[in-house]
Structure formats: C-alpha cells, structure tokens
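Values in this document were obtained by computation on a predicted structure and should not be read as measured data.
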Amino acid sequence: MANFYIDNPSLKLHLSHPMMKKIVELKERNFADADKYDYAPQNFEDAMDSYDRVLEIVGEICGDIIAPNAEEVDHEGPRVENGRVIYAQGTARNLEACRQAGLMGMSMPRRLGGLNFPITPYIMAADIVSRADAGFENLWGLQDCAETIYEFASDEQKEKYIPRVCQGETMSMDLTEPDAGSDLQSVMLKASQKEDGSWVLNGVKRFITNGDSDIHLVLARSEEGTKDGRGLSMFIYDKRNGGVNVRRIENKMGIKGSPTCELVYKDAPAELVGSRRMGLIKYVMALMNGARLGIAAQSVGISEAAYREALAYAKDRKQFGKAIITFPAVAEILSVMKAKLDASRALLYACSRFVDMYKVYDDIAKERSLSLDEKKEAKKYSRLADAFTPLAKGMTSEFCNQNTYDCIQIHGGSGFMKDYTCERLYRDARITSIYEGTTQLQVVAAIRHVSTGTYLDWIRTQEQQQVVAEDEAVKNRLVFMTQQYADAVQAVEGTENAEYRDFMARRLVEMAGHIIMGYLLLDDTQRDATFRRSLNVYVNYGQAEVAKNAGFIANFRPDALADYIPVEE
C-alpha cells in the first residue's frame with residue numbers, strides 16, 4: 001500500500017518547524033476546545049499528533065485511490081448533460097473517499113463542523129493530493145473558498161454554508177468572464193436587487209473551475225452605471241436554488257478531471273457577502289491570495305511527482321550497458337530537479353506559516369482587542385504573507401513547469417508517449433503559471449516588496465542566523481548574492497524611467513526569490529543535514545541566475561527599451 005505522506009520525510013520536517021508551536025497555540029486559543037469536542041487536542045503535542053494522523057490518511061487515500069484513478073480520469077474527463085456536470089467515475093470515487101475520511105473543511109472551526117487545522121497542514125494535504133492528481137486537487141482544494149465566507153460573511157451565512165462544505169459539498173469561485181480574465185475590473189455579470197431586498201444574477205462566467213459546484217462565490221456588478229472595481233460586490237450562489245446552467249466544459253490541455261465551465265446565470269438567486277462595492281477591492285483579493293497559495297502547493301506536488309518519475313526511470317533505463325542515472329548529463333538534471341523541488345517546498349511552507357500567523361491574529365481580533373505587541377506581530381506577518389504569496393506562486397509554478405519538462409527529457413522518446421505518467425504531468429503543469437494570476441502578474445504584485453525593502457529586510461535577518469561550520473561557505477555566497485541584488489535594486493530604482501523599472505521588475509523579483517529560497521534551504525539544512533546536497537546545488541544554480549540578471553541590469557542601456565517594443569511589420 002502506497003502512502004504519499006509517509007514516503008516523503010521532508011513533509012514532516014516542515015510540519016515540525018519551530019514556528020508551528022506558536023501558530024498552534026494561537027489557533028487553538030490555548031486549547032480551549034478540549035472540553036467541548038472529544039477530537040480537539042489537549043496540548044501542542046496532541047495537536048501535532050492529530051495533524052500527523054490526518055495527513056497519514058490523506059497520504060493513504062492519495063497513494064491507494066486518487067493516484068491509481070488519475071490516468072482513467074485524464075482519459076474519461078467530465079461531461080455536461082442537461083446543463084449539469086457529470087464527473088469522471090474516478091473523480092466521483094475520489095470525492096467520496098475524501099468525504100468519508102472527513103477531509104473537507106479542514107481549516108474551518110470545530111463549531112462549524114471543521115477540523116480547525118492551521119493553513120500549513122491543510123496546504124500540506126494539498127501538496128500531497130496534487131502529487132496524486134493535480135486535476136483532482138482543483139476540486140478538493142476549492143474548499144478553501146470557505147475561508148472567504150468565514151472571514152467576511154455574516155454569522156447566519158457562516159452557519160448556513162460552512163457546515164455543508166465540511167460535510168463534503170464542493171465550492172467554486174466564479175470570477176472570470178469572456179471579456180474579463182486577469183482584468184477583473186471589467187466584470188459585467190449583473191447583480192440586481194429586487195424590491196424585497198433580495199438579489200438575482202444575470203450574465204455569463206467563463207473558465208470557472210468546478211463550475212457546477214454546490215456553493216459558488218460570485219463576483220458581480222451591483223452598482224448600475226459603473227465600469228471599474230468600485231462597482232463590484234461578492235455574492236454566494238447556492239446551486240439548490242437553480243438559475244445557473246453549464247453551457248459547456250472547456251477542452252483543455254491538462255488537468256482534465258477538473259471541469260472548467262462556461263456558466264449562464266438567469267435570474268439566479270444570490271446573497272450579498274459583506275458590504276457592497278468591496279467585492280474586488282477586499283474580498284476577491286483575499287480569495288485570490290488563498291488560491292495562489294493553493295496553486296503553489298499544487299506546483300510543488302506536481303514537481304514531486306515529476307522528480308520521482310524521472311528518478312525511477314533513470315535508475316531503470318539502461319543505455320550502452322549502464323543505467324542512465326550514471327551519466328553525468330542525466331545526474332545533473334536530476335540533482336537540479338531535486339534542488340528546485342526542495343527550494344519550492346521550503347518557500348511554500350515559509351509562506352503558509354506567515355499566512356497562518358496573520359490570519360490567526362485577524363481571527364482573534366474578532367473576539368478581543370489585540371495587545372500592542374500582538375498588533376505589531378500581526379502587521380509584520382501580514383506584510384510577509386503579502387510579499388511571499390506572489391513570490392511562492394510565481395517561483396514554484398515556473399519550477400514545476402521546468403521539472404516536468406526535465407522529467408520528459410530524461411525519459412527521452414518514451415516521455416513523449418501517453419504510456420508514461422510524465423506526459424500527463426507535463427500537460428497538468430502548464431496551467432500552474434497561468435491561472436490565479438500569470439507569473440507576470442505575480443511580478444506586478446511582488447515588485448513593490450522589492451521597492452519597499454520587504455525582501456531585503458527579511459534576507460538581512462537571515463544573515464544574522466548562525467550556521468554550522470560546514471555551511472559557512474554557502475552562506476557567504478548568499479551574502480555576496482544579496483549585495484548583487486541590493487546593487488541592482490538601487491540601480492533600477494534610481495532611475496526616473498517608470499517603463500525601465502517595469503521592464504526590470506521580473507529580474508529583480510527572481511533575484512530576490514533565488515536568495516530567499518537559498519536561505520530557506522540553509523535553514524532546513526541546519527535542522528536536517530540531508531538537505532545539504534540540495535542546498536549546495538540550488539545555491540550554485542541561484543548564484544548563476546542572480547549574476548546573469550545583475551549583469552543584464554548593469555549592462556542595459558535604458559534607451560535600448562525601444563528594441564523590445566513590438567512594431568507593426
């Protein structure tokens with residue numbers, strides 16, 4: 001029997017990070033639920049044991065059910081009948097297994113039927129599920145839409161909808177439209193308020209993941225005559241009330257088990273969430289940040305699967321009388337794949353811990369006033385979460401695409417055939433750097449943390465950490481890379497040419513990312529020496545990338561920008 005949690009020791013290392021103690025104690029309010037629920041933990045050790053046991057169940061379901069179903073689901077896919085989505089048979093079995101195991105609504109409070117898990121072990125479950133089948137993770141992982149209901153909806157709405165999610169009902173976030181993709185300010189789905197105060201929705205949504213879900217979060221234009229984000233509000237649509245039909249399912253390159261739908265709303269009854277006009281400005285931003293962390297987890301899970309497929313094939317495949325893993329060209333590809341995987345996972349869980357910290361303080365603030373120290377700490381982690389989320393989504397999704405590319409390369413001609421898992425992984429990976437904001441949009445979100453010094457400040461704190469003598473040399477290289485980065489930032493920020501600064505943004509964000517991931521691996525290595533190989537390989541790789549970008553910036557003439565602007569032939 002396969003278990004995708006037990007067979008991956010790096011997961012337990014990240015689950016046991018020192019920050020988890022404070023996260024758990026805050027999340028559990030010093031374990032106040034222990035007297036109310038028989039499954040609530042009594043103390044920190046009890047809580048960690050609970051996460052470990054649930055993740056073991058996730059790993060078993062992924063290894064024994066979801067992964068074996070993945071190929072069948074990829075071939076069969078979902079279909080539309082009479083305006084409704086019919087899942088592939090394997091998808092239906094996967095969902096039922098997760099429902100039976102109580103793996104829905106993991107991060108929701110116990111009083112609403114959830115497990116009250118912090119974000120970190122929930123994201124770890126998403127990492128594991130994605131390794132088994134990235135398409136299925138899209139359905140299972142959309143349970144995190146319940147976070148938005150919990151954070152912004154009324155108490156009545158929370159009690160009405162969140163228990164249903166915890167019992168296994170599915171969710172979707174209906175944001176994009178035929179003429180509003182990344183530019184959500186252009187959303188035109190109309191929300192009309194009737195005389196009795198209720199709302200109905202009319203219009204079309206497109207590219208909606210799991211679009212025939214039970215409970216939808218919908219972005220719609222509630223303010224007549226507006227054309228920008230200030231006229232948009234957030235609504236809950238309940239499938240039980242009717243009014244929405246699936247026009248079609250998109251025929252996609254990958255993640256085929258996940259139905260991506262075009263929806264038609266016709267006087268669909270809906271409930272307003274929170275305040276009018278705040279749909280995009282506040283609620284969708286929070287929703288998207290959660291989704292981006294989920295895509296980072298999905299990217300890491302696919303990278304894990306790709307590395308394992310490549311390693312197994314390289315050990316088994318013989319050419320010229322030897323296993324191809326013994327060839328330096330193949331060994332190098334594998335070592336870089338592993339380093340990118342470990343660095344991606346380190347960034348993912350650093351980000352999830354920052355999210356945990358600021359979210360738990362936000363939740364506590366609804367119950368009582370925070371102390372000055374708590375407010376200061378909440379602000380610190382909110383800023384770090386805001387900085388690390390686009391970095392995590394951007395870097396891990398790009399590495400995911402690179403790792404699946406290299407996985408096929410190691411398979412050679414066989415990798416191009418549908419007989420091998422790597423072909424599906426390659427197709428599934430491609431969307432990760434596109435949806436929930438392309439990598440280019442992640443740069444737009446991240447660059448202000450380059451300009452304001454969030455990344456550099458965090459890096460400087462890492463420079464103060466003590467390391468074992470064996471890692472002093474690699475730390476010194478990270479210090480050198482940091483100076484290259486700081487010089488490049490100063491050179492770019494020092495110009496008054498906004499177009500030039502935008503042009504260089506990607507390079508600066510990537511430089512920050514490589515240094516941050518190097519320091520995170522350095523920290524992991526202090527707790528587990530088995531990461532040292534990945535640390536050394538990644539810093540070799542990152543140092544070359546930082547030097548390349550630093551050199552480009554140093555040698556680029558701003559007047560050469562004209563060469564990069566397309567002209568009509």
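A distance-only check finds no donor-acceptor pair linking the side chain of Asp386 to the backbone of Ser382 [under 3.5 Å]. Between the side chain of Arg507 and the backbone N or O of Phe503 there is at least one donor-acceptor pair closer than 3.5 Å. A donor-acceptor pair is defined here as one N or O able to donate and one able to accept, closer than 3.5 Å; such a pair exists between the side chain of Glu76 and the backbone of Gln89. Remark: side-chain polar atoms of Lys475 are paired, donor with acceptor, to backbone N or O of Gln465 under 3.5 angstrom. Checked by atom type and distance alone, the side chain of Asn555 pairs as donor or acceptor with a backbone atom of Gly551 at under 3.5 Å. Listed for the Thr176 side chain is a donor-acceptor partner under 3.5 Å among the backbone atoms of Arg206. Using a distance-only test at 3.5 Å, with no hydrogens or angles considered, no donor-acceptor pair links the side chain of Tyr420 to the main chain of Ile408. Between the side chain of Tyr426 and the main chain of Asn401, no donor-acceptor pair closer than 3.5 Å is present. His17 places no side-chain N or O within 3.5 Å of a backbone atom of Leu13 that could act as its donor or acceptor partner. Under the 3.5 Å distance criterion, the side-chain polar atoms of Arg292 are left unmatched by any main-chain donor or acceptor of Lys393.
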Dump the intermediate steps for side chain to side chain donor-acceptor pair (under 3.5 Å) on Glu304 and Asn8, then the final yes or no.
-> CA-CA 9 Å; Glu304 178 77 41; Asn8 192 351; 3.3 Å; yes
Side chain to side chain donor-acceptor pair (under 3.5 Å) between Thr495 and Asn497: does it pass, once the steps are laid out?
-> CA-CA 5 Å; Thr495 179; Asn497 187 334; 5.3 Å; no
Let me see the working for Asn138 and Gln298 under side chain to side chain donor-acceptor pair (under 3.5 Å), right down to the final yes or no.
-> CA-CA 9 Å; Asn138 278 358; Gln298 185 179 54; 2.9 Å; yes
Side chain to side chain donor-acceptor pair (under 3.5 Å) between Gln526 and Asp471, intermediate numbers included = CA-CA 9 Å; Gln526 306 317 294; Asp471 296 324; 2.8 Å; yes
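When each of Lys256, Lys418, Arg424 is paired with Glu71, the salt bridge (charged side-chain N to carboxylate O under 4.0 Å, His left out) condition holds for Arg424 and for no other.
Nearest heavy atoms, Ala88 versus Gly77: CB-O, 3.6 Å. Taking both residues in full, the closest heavy atoms of Met20 and His14 are given as CG-O, 4.5 Å, listed atom of the first, atom of the second, then distance. Residue Ala486 comes nearest to Leu456 through the heavy atom pair CB-CD2, 4.3 Å, listed as atom of the first residue, atom of the second, then distance. Considering all non-hydrogen atoms of both residues, Leu348 and Ala296 come closest at CD1-CB, 3.8 Å. For Asp64 against Ala2, the heavy-atom pair with the smallest separation is OD1-N, 3.1 Å. Nearest heavy-atom pair, Leu334 versus Ile325, reported as atom, atom and distance to 0.1 Å: CD1-CG1, 3.7 Å.
Distance check, rounded to the nearest 0.5 Å: CG of Asp49 to CD of Glu56 gives 9.5 Å. Taken from CD1 in Ile302 to CD in Glu137, the straight-line distance is 9.0 Å, to the nearest 0.5 Å. To the nearest 0.5 Å, atoms OG (Ser299) and CG (Leu347) are separated by 11.0 Å. One distance of note links CD of Glu493 with CG of Leu508; it measures 7.5 Å at 0.5 Å rounding. Residue Thr404 holds its OG1 atom at 11.5 Å from CZ of Arg427, rounded to the nearest 0.5 Å. Note that OH of Tyr405 and CD of Gln402 are 10.5 Å apart. Values are rounded to the nearest 0.5 Å.
With a 6.0 Å cutoff to the six-membered ring centre and a 45° limit on the axis angle, Lys340 does not count as a cation-pi contact of Tyr538. Cation-pi geometry between Arg527 and Phe531 is not satisfied (NZ or CZ under 6.0 Å from the ring centre, within 45° of the ring normal).
Under the 4.0 Å criterion applied to side-chain N and carboxylate O atoms, Lys548 and Glu545 are assigned as salt-bridge partners. Electrostatic pairing of Arg131 and Asp127 does not count as a salt bridge here, judged by no charged N lying under 4.0 Å from a carboxylate O.
A ring-centre distance under 6.0 Å is not found for Tyr381 and Trp458. Between Phe388 and Phe354, the ring centre distance stays below 6.0 Å.
In this structure, Phe556 and Tyr564 have tilted ring planes: the angle between them lies in the 30° to 60° band.
Looking only at atom types and distance, the side chain of Thr454 has a donor-acceptor partner in the side chain of Arg383 under 3.5 Å away. Inspection of the Tyr485 and Asn549 side chains reveals no N or O donor paired with an N or O acceptor under 3.5 Å. For the residue pair Thr120/Asp356, the side-chain donor-acceptor check at 3.5 Å is satisfied.
A 4.5 Å side-chain heavy-atom check between Leu15 and Leu55 finds at least one atom pair inside the cut-off.
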